[in-house]
Amino acid sequence: MGQAIASLTTGELVALSAAKDQVQQALEERRQATLAIASASQTSIQQQTQMRQAIETLRRDIDPQRTDQIRLQERLHQLEQQIEALHEQSSTLGDSPTAAEDDSLAHRLAAAEQAIQDTAAKIAAAEAELSVQRDTQTRLLKEQRDKQRDLDKLEAQTQAMQESQGTHATRLLLESGLAGISGLVAQLGKVDPKYQLALDIAAGARLGYLVVEDDRVAAQGIQFLKQRKAGRATFLPLNKIRAPRFTPVPDWKRPDGFLDYAVNLIDCEPRYRDIFGYTFGSTVVFDTLQSARQYLGDYRIVTLEGEILETSGAMTGGNVSSRSGSLHFGTVEPAESSEAQALRQRLSDIEVLLERCDRDLNTTSATLQTLTQSLMTQRQQYRELQLAGEQQQAQQQQQAQQRATLATQLSQHQQELASTQTRLQELAELLPVQEAEIARQQQALSELEQSQAHSEWQQAQAAVGQLEAQLSDRQQALQAAERRLQDLHNQRQQLDLALNQAQQTLTTLAQQQGDRDQQLGQIQQQQTGLNGEIAQLRQQMAALDQTLATEKAARDELEQRLRTQRTQTQQQEWERQKLIETQQERRQQLAEAQELLATQAAELPDPLPEIPPETDLEELRKELRSLQRRMEAMEPVNMLALEEYNRTEERLGELTHKLTTLEEERTELLLRIETFTTLRRQAFTEAYNAVNENFQAIFAELSDGDGHLQLEDPEDPFNGGLNLVAHPKGKPVRRLASMSGGEKSLTALGFIFALQRYRPSPFYAFDEVDMFLDGANVERLSRMIKRQAESAQFIVVSLRRPMIESAQRTIGVTQARGAYTQVLGIDLQAQSATQ
């Protein structure tokens, strides 16, 4: 590039400048010669010269106009292209979003927002429902714990009573399967309901005595209780028990009210007659206490209402409650009290409700989770729609700016195009006139040039023209060379800039390469040191491998020996375990055989019957088969019973389905009741807290003291009442009943205003509520009513001055003379404003 510039500067450019100077010098010489010729024929030449000057002047005037015309035509073409490009660019921007599209996006945003609000409302409702269900579950769990504790207490009391009566030990004996036990005394007899209470009380604790076949069974039962450490029990052996002997009173000698002997009112098997004789003895049954008192000391008497009169003169009686856990004649086990039955029923209902509540909680939680996920999705879609709307607005703004810019440019180009077209039109009108003038001048000049002077002048002028043409060519060549020189200089500057950047990059890379070489040297040094360490480590590893191989061989040998010993040990342990299991099985079989033998021995009659030696087992088997055939001969089976069974089973299925449906509906109703109870309690708690807070503030304002509301049973507020605790300033805390009339009025009014603040009523009527108040308290009350009157209407009947002065409207009612009432209306506020 430098050589080309140097060659162009020193060679071609110098040569072109020299050639231009030579041509310009020749031109000057020719012009001088032309002037000499012109002086010879001055007149003709002057005319020609004037004409040529005029023509030259016209040409000088027309050439710029032609150039301007060409330039304007080119500019006109460029403007048309630019306008067309602007139109194309405007068309590529696309149409702006229509109002329908904007409305559609706004409608979608509104629909998405409405969907979010609906889902949020559903979530709030589900959360509220879930909270209520959880509160219900918590309350039911607490009630379940409380009821279970109460039931446990009742069961403990019942068990203690049973242990005191001996029924706990007897129940264990009855469940033990011990042979020879007949049952409890209460189980072996039946009584007319009319005498039930009397005989139960007369028998007392003896109802829980255990009747056995003989004293041997009693001894076994006592030994059983000792082994189990199950308490004590009283046994009545049938072979040893003896009823007390007494002489019955004949029927004709029985006094009034004497019903019968207690033992005669028991319906039982004959073999248990002595048992009941021992239980009741000579106890007699009278109808009333009044008739029995006359014979106190003569008999052991029990009345139908349960009074006991002993022969010693002692009398026992009073209120007879339903004795839970007590035995009664005809019962199998002690009866459970109605309270315990109610607790069990409630616990069963609570358990079912808790199961249903758990299921509803799971369903509500799943629904809440689904709604939450749906809300997140809807919010995401809403955000996407917002982003799309924002992008659309930004795009609209950008397009609007681009359209405005394009419109501005288009307007400018159109204005320029219009001015260019106007100028071209002017030039199109002016140029023909000037060209016609030049043609006329040239015609006149050609006539003058036909002379000899003119020919010489023409030749000289032609030579001047050639020289001028050569000079023009030389100038154009010189200008082209200068332009090439300027282009080369520009290229050289760009190359110098690129070269500087390349040199800077090369310097940076050289520095980086130096750093890398330095790091590579350090790494090579480290690698050399590491290679030495690796060689040492390899030698050490070779030595360790040899040692490790030796140790592994020793270890393998020891492991082999250990596995052999473990295998032997496991084999021995397995054999020992097998022997132990076999021994336990044998012992269990022996115990079962002994139990079976003892059971069979107990079932055998005592003494054992003697089997005749001539009894043949084969004959007994034949008799057994004969009996089986006789049983089979009783067939065929009634097949209608199968149809009846199918109908009954189908009916049972229908009833079971209906029962299941009813149980589900009952559970649903109970759960709704519990839910309503929870909602009622929440509403009450909310109202109570708000009213209590209002009461504290209002009472402090009315009396300069403090007061609050207090529930009698905070755990179950619906099971108790509500107390107003008031502490007027300077006085101790009192109950409402012990307060003065003014204090009662202030406390009651504070409670009314507290209710009014929580849930205002539109209208209140007070009839002389300030009658028991002093002046200061009346002023406080009037200010309170005036402030409360901003949210409700108050009509107060009062005779006190502060109350009347605070009223907005005052109506006076007086009894005039005669039998009529006079009513006057006074606007105190207007009068006070006038004053």
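Values reported hereafter were calculated over all heavy atoms of this structure, with side chains retained and with hydrogens, waters and symmetry mates removed.
- At most 12 non-hydrogen atoms from other residues, nucleotides or ligands lie less than 6.0 angstrom from CZ of R379.
- R681 and P714 get closest at one heavy-atom pair: NH2-O, 3.9 Å.
- In terms of heavy atoms, G750 sits closest to I698 at CA-CG2, 3.8 Å.
- Contact check on R139 versus E674 returns a salt bridge, with a Lys/Arg side-chain nitrogen under 4.0 Å from an Asp/Glu carboxylate oxygen.
- Between S798 and D770, the shortest heavy-atom contact is OG-OD2, 2.5 Å.
- Listed here is the closest heavy atom pair of Y688 and L709: OH-O, 2.8 Å.
- Salt-bridge annotation for R666 and D349: present, with a side-chain N of the basic residue lying under 4.0 Å from a carboxylate O of the acidic one.
- F684 CZ: more than 12 foreign heavy atoms inside a 6.0 Å radius.
- Counting heavy-atom neighbours within 6.0 Å of E592 CD, excluding the residue itself, gives a total above 12.
- Within a 6.0 Å radius of CD in Q588, other residues, nucleotides and ligands contribute 12 heavy atoms or fewer.
- Looking at I785 and M803, their side chains come closer than 4.5 Å, going by heavy atoms from C-beta outward.
- To the nearest 0.5 Å, atom CD1 of residue I266 and atom CG of residue L188 are 10.5 Å apart.
- Listed by chain and residue number, Y764, F766 satisfy the ring-ring contact (aromatic ring centres under 6.0 Å, His included) test with F794 (two or more places apart in sequence, or in another chain).
- In the displayed structure, R672 atom CZ is contacted under 6.0 Å by at most 12 heavy atoms of other residues, nucleotides or ligands.
- Contact check for I181 versus L210: side-chain heavy atoms found under the 4.5 Å cut-off.
- Here K142 pairs with D146 in a salt bridge; the nearest charged N to carboxylate O distance falls below 4.0 Å.
- Salt bridge absent: K147 and D150 never bring a charged side-chain N and a carboxylate O closer than 4.0 Å.
- For the residue pair Q133 and T675, no side-chain donor N or O sits within less than 3.5 Å of a side-chain acceptor on the partner.
- Comment: E664 engages R356 in a salt bridge, judged by a side-chain N to carboxylate O separation of less than 4.0 angstrom.
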query: Yes or no on salt bridge (Lys or Arg N to Asp or Glu O under 4.0 Å) for R346 and E143, after CA distance, side-chain angles and deciding distance?
result: CA-CA 10 Å; R346 180 57 181 167; E143 184 180 359; 2.8 Å; yes
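- V211 has its side chain within reach of Y272: a pair of non-hydrogen atoms, C-beta onward, lies under 4.5 Å apart.
- Side chains of D200 and Q196: a donor-acceptor N/O pair is present below 3.5 angstrom, by distance only.
- In this structure, Q696 places its CD atom where more than 12 heavy-atom neighbours from other residues, nucleotides or ligands lie under 6.0 Å away.
- Donor-acceptor pairing under 3.5 Å is recorded for the side chains of Q114 and D118.
- Checking Q386 against Y382 by side-chain atom types alone, a donor-acceptor pair falls below 3.5 Å.
- Using a 4.0 Å cut-off between charged side-chain N and carboxylate O, R359 and E355 make no salt bridge.
- Interatomic distance, CZ of F276 versus CZ of R206, reported as 12.5 Å (0.5 Å rounding).
- Under the rule for a side-chain hydrogen bond (donor to acceptor under 3.5 Å, both in side chains), the partners of Q137 that lie at least two apart in sequence or sit in another chain are D358.
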